[in-house]
Amino acid sequence: MVTDDDVRRIALGLPETTERPMYGTPAFYVKARWFARIREEGDVLVLPVASEEHRQELIAADPGVFFTLPHYDGYAAVLVRFAAVGVEELAELLTDAWRLRAPKRVLAAFGG
């Protein structure tokens, strides 16, 4: 199980990441693009993914960790349950979301 402190520590450890509110909850940005947001429940993370198909693959592979809500229909984003994910997997998920949203210059400096 991870906490919002784990999310914050990992996200802010990625290059050129800042934290600021989005819809009244903590969100993490690489430059001007968000790549993670803690939902109002406080124990669910919203992450962008490459496509809606990828979101469905994640949910099908591990519905205990990944899910969605009707609010996100039509968007390439997945929800992650804090209680069902470990720190290592969280770091991988956040890094993937960061890479998806980071500008090319920032990605190149990161080695990506």
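The shown structure was predicted, so the numbers you read here are calculated from the model rather than taken from an experiment.
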Which heavy atom of [X] sits nearest to which heavy atom of [Y], and what is that distance?
X: A27; Y: M22; result: CB-CB, 3.6 Å
X: V30; Y: P103; result: CG2-CD, 4.1 Å
X: G64; Y: A84; result: O-CB, 3.1 Å
X: A50; Y: A76; result: C-CB, 4.4 Å
X: A77; Y: V49; result: N-CG2, 3.9 Å

To the nearest 0.5 angstrom, please state how far the [atom1] atom of [X] sits from the [atom2] atom of [Y].
X: D62; Y: E89; atom1: CG; atom2: CD; result: 6.5 Å
X: T17; Y: R33; atom1: OG1; atom2: CZ; result: 13.0 Å
X: D43; Y: I38; atom1: CG; atom2: CD1; result: 10.0 Å
X: H54; Y: L100; atom1: NE2; atom2: CG; result: 9.0 Å
X: L93; Y: I10; atom1: CG; atom2: CD1; result: 9.5 Å
X: Y75; Y: D73; atom1: OH; atom2: CG; result: 10.0 Å

Co-membership, hydrophobic cluster, residues [X] and [Y], 4.5 Å side-chain:
X: Y72; Y: I59; result: no
X: V65; Y: F67; result: no
X: V85; Y: V46; result: no

* **Test item: R101 side-chain N/O and W34 main-chain N/O as donor-acceptor pair under 3.5 Å** =>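 Between the backbone of W34 and the side chain of R101 there is a qualifying donor-acceptor contact (under 3.5 Å).
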* Asked: Donor-acceptor pair, R81 side chain versus M1 backbone, under 3.5 Å?
  ->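 No; zero donor-acceptor contacts below 3.5 Å.
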* Asked: In a check of side chain to side chain contact (heavy atoms under 4.5 Å, CB included) between V44 and each of V80, T25, L79, which one passes?
  ->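 Single pass found, and it is L79.
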Is any side-chain heavy atom of [X] closer than 4.5 Å to a side-chain heavy atom of [Y]?
X: F28; Y: L12; result: yes
X: E16; Y: Y29; result: no
X: V2; Y: L45; result: no
X: L90; Y: F82; result: no
X: L107; Y: W98; result: yes

* Other residues, nucleotides, ligands: >12 heavy atoms within 6.0 Å of E41 CD ->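 Counting other residues, nucleotides and ligands, CD of E41 exceeds 12 neighbours.
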* **Check ion pair R9-D6 (N to O, under 4.0 angstrom)** =>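 Counted as a salt bridge, because a side-chain N and a carboxylate O are separated by less than 4.0 Å.
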